[in-house]
Student: 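I have a structure here, written as structure tokens, and I will follow up with some questions on it.
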Amino acid sequence: MGYVIRTAALFLMLTLIFVAIGSVLGYFLFDGSTESMILVMIVFMIMAVAINMFAFFFSKSIVLRAHRVKIIERNDNPRLYNIVEGIARNSGMPMPQVGITNNPTPNAFATGRGPKNAAVVATTGLLNLLDDSELKGVMAHEMAHVRNRDVLIMSVAASIAGAISILARFTLFSSFRSRDTGALIVMFIAYLTIPIAAMLVQLSISRGREYKADETGAKMVNDPMSLARALDKLENGNVMNPMMNENPSSAHMWIANPFGKRKKGGASMFSTHPPIEERIRRLNKMAGKL
């Protein structure tokens with residue numbers, strides 16, 4: 001039930017942001033009348049609802065296509081397919097689609113609306129870097145996102161962040177049409193703050209869910225240390241070979257920061273991923289209890 005509330009909250013947040021910006025644009029770009037404001041607000045509300053519906057039903061296919069993922073069968077890559085199949089069988093979960101994307105950066109993600117409509121994806125860099133036990137730990141982490149219903153939240157958050165970024169550019173472009181100093185100031189402030197709202201949307205669902213997926217995935221395979229070793233390799237692998245063309249609005253979907261940037265101190269608070277060192281520490285502690 002919690003994932004339904006979180007998804008609804010994200011949808012509501014997007015709608016409110018669009019309506020608020022629509023009211024500002026309606027006031028400053030037109031005659032400032034109540035009718036103009038209401039009309040533009042209605043248009044932006046319709047846009048928000050359309051984006052919400054599109055994100056809900058098509059986010060999986062959009063994400064897979066954007067990352068050039070090839071959905072495989074057992075014969076295409078028996079190693080990866082059998083590992084995912086074993087995790088699904090032992091944890092009582094439906095078998096997800098298994099995908100590979102040709103990318104040298106070692107990483108993985110999951111997408112879909114839920115356990116019956118999910119896909120787990122590994123990069124070629126991940127398959128080349130990890131041994132079987134470590135690969136099993138990573139794929140269990142991604143399956144945990146599916147079990148915990150994080151995949152819909154992550155996909156929706158990526159869509160919302162992208163939509164908000166587009167809205168920010170539209171707001172800046174619209175400000176050039178106004179000669180009113182107050183309008184320019186308000187819309188410039190909106191241009192600066194809307195991307196921050198997108199970042200907060202991502203951060204609100206990214207950091208906590210990674211800790212939870214680590215824990216759930218480790219329990220699914222009864223081996224926290226395999227994931228801990230994998231995370232250590234992924235940290236170094238993504239620093240040495242970061243993704244060059246990844247969209248920042250979908251960075252939170254990967255198991256490790258695809259840009260390879262290590263943020264220290266206060267700056268780490270604004271990372272879409274919690275510190276790898278802390279994730280490994282928690283897994284080590286979990287292994288000690290087991």
Student: Could you report the tightest heavy-atom contact between Gly137 and Ser226, atom names first, then the distance?
Tutor: CA-OG, 3.9 Å

Student: Are Arg149 and Pro115 packed together at the side-chain level, in the sense that at least one heavy-atom pair is separated by less than 4.5 angstrom?
Tutor: yes

Student: Can you find a pair of side-chain heavy atoms, one from Arg68 and one from Asn102, that are under 4.5 Å apart?
Tutor: no

Student: Step by step, would you call Arg281 with Glu277 a salt bridge (Lys or Arg N to Asp or Glu O under 4.0 Å)?
Tutor: CA-CA 6 Å; Arg281 186 193 69 79; Glu277 295 83 357; over 6 Å; no

Student: Should Val146 and Pro96 count as side-chain neighbours, where that means a heavy-atom distance under 4.5 Å?
Tutor: no

Student: Starting at CD of Glu210, measure out to CG of Asn257 and round the result to the nearest 0.5 Å.
Tutor: 10.5 Å

Student: Using the side chain to side chain contact (heavy atoms under 4.5 Å, CB included) rule, take Thr124 and Thr101 through it: C-alpha gap first, then chi angles, then the decisive distance, then the call.
Tutor: CA-CA 6 Å; Thr124 50; Thr101 178; over 6 Å; no

Student: Quick one: is the NZ or CZ of Arg282 closer than 6.0 Å to the six-membered ring centre of Tyr211, and within 45° of its axis?
Tutor: yes

Student: Would Asp232 and Ile276 count as a side chain to side chain contact (heavy atoms under 4.5 Å, CB included) if you check the C-alpha gap in whole Å, the side-chain angles of each, and the deciding distance to 0.1 Å?
Tutor: CA-CA 7 Å; Asp232 185 51; Ile276 289 288; 5.7 Å; no

Student: Please check: side-chain N/O of Asp214 versus main-chain N/O of Arg279, any donor-acceptor pairing under 3.5 Å?
Tutor: no

Student: Can Val121 and His67 be said to form a side chain to side chain contact (heavy atoms under 4.5 Å, CB included), step by step?
Tutor: CA-CA 10 Å; Val121 177; His67 293 92; over 6 Å; no

Student: Quick check: closest heavy atoms across Ala218 and Pro224, and the distance to 0.1 Å?
Tutor: CB-CA, 3.7 Å

Student: Is it the case that atom CE in Met286 sees more than 12 heavy atoms from other parts of the structure closer than 6.0 Å?
Tutor: yes

Student: Please give me the minimum heavy-atom distance between Ala88 and Pro94, naming the atom from each residue.
Tutor: CB-O, 4.1 Å

Student: Evaluate the side-chain proximity of Met95 to Tyr81: yes if any heavy-atom separation is below 4.5 Å, no if none is.
Tutor: yes

Student: Specify the closest pair of heavy atoms between Leu80 and Ala122, including all atoms of both residues, with the distance to one decimal.
Tutor: CD2-CB, 4.2 Å

Student: Say you draw a straight line from CG of Asp76 to CD1 of Ile71; how long is it, rounded to the nearest 0.5 Å?
Tutor: 10.5 Å

Student: Atom CG in Leu126, atom CD1 in Ile255: separation rounded to 0.5 Å?
Tutor: 8.0 Å

Student: Would Asn82 and Arg74 count as having a side-chain donor-acceptor pair, cut-off 3.5 Å?
Tutor: yes

Student: Checking Thr105 against Asn107: is there a side-chain donor and acceptor pair closer than 3.5 Å?
Tutor: no

Student: Check Gly99 against Val69 and note the closest heavy-atom contact, atom names and distance.
Tutor: CA-CG1, 3.7 Å

Student: Within the 4.5 Å heavy-atom criterion, are Asp223 and Met225 side-chain neighbours or not?
Tutor: yes

Student: First locate atom OG1 of Thr123, then atom CG of Leu129, and finally report the distance between them rounded to the nearest 0.5 Å.
Tutor: 9.0 Å

Student: Do Glu142 side-chain atoms and Ala110 backbone N/O form a donor-acceptor pair below 3.5 Å?
Tutor: yes

Student: Going by atom types only, do Ser133 and Asp131 share a side-chain donor-acceptor pair under 3.5 Å?
Tutor: yes

Student: Closest approach of Ala228 and Asn284, non-hydrogen atoms and distance?
Tutor: CB-OD1, 4.3 Å

Student: Once side-chain hydrogen bond (donor to acceptor under 3.5 Å, both in side chains) is applied, what residue pairs with a partner in residues 86-98 remain, sequence neighbours excluded?
Tutor: Lys60-Gln97

Student: In Å and rounded to the nearest 0.5 Å, what is the CG to CD distance from Leu231 to Glu235?
Tutor: 9.0 Å

Student: Show the numbers, then the answer: is there a ring pair (Phe, Tyr, Trp, His ring centres under 6.0 Å) between His145 and Phe109?
Tutor: CA-CA 9 Å; His145 279 311; Phe109 70 86; over 10 Å; no

Student: Would you check if Leu127 and Asn77 make a side-chain contact, meaning some heavy-atom pair closer than 4.5 Å?
Tutor: yes

Student: Would you check, one step at a time, whether the test side chain to side chain contact (heavy atoms under 4.5 Å, CB included) holds for Lys219 with Thr216?
Tutor: CA-CA 5 Å; Lys219 288 180 179 178; Thr216 303; 5.9 Å; no

Student: Between the side chains of Asp150 and Arg209, is the shortest nitrogen-to-carboxylate-oxygen separation below 4.0 Å, so that they form an ion pair?
Tutor: no

Student: What's the spacing between Leu227 CG and Met139 CE if we round to 0.5 Å?
Tutor: 12.0 Å

Student: State whether the number of non-hydrogen atoms from other residues, nucleotides or ligands found under 6.0 Å of Arg79 atom CZ is greater than 12.
Tutor: yes

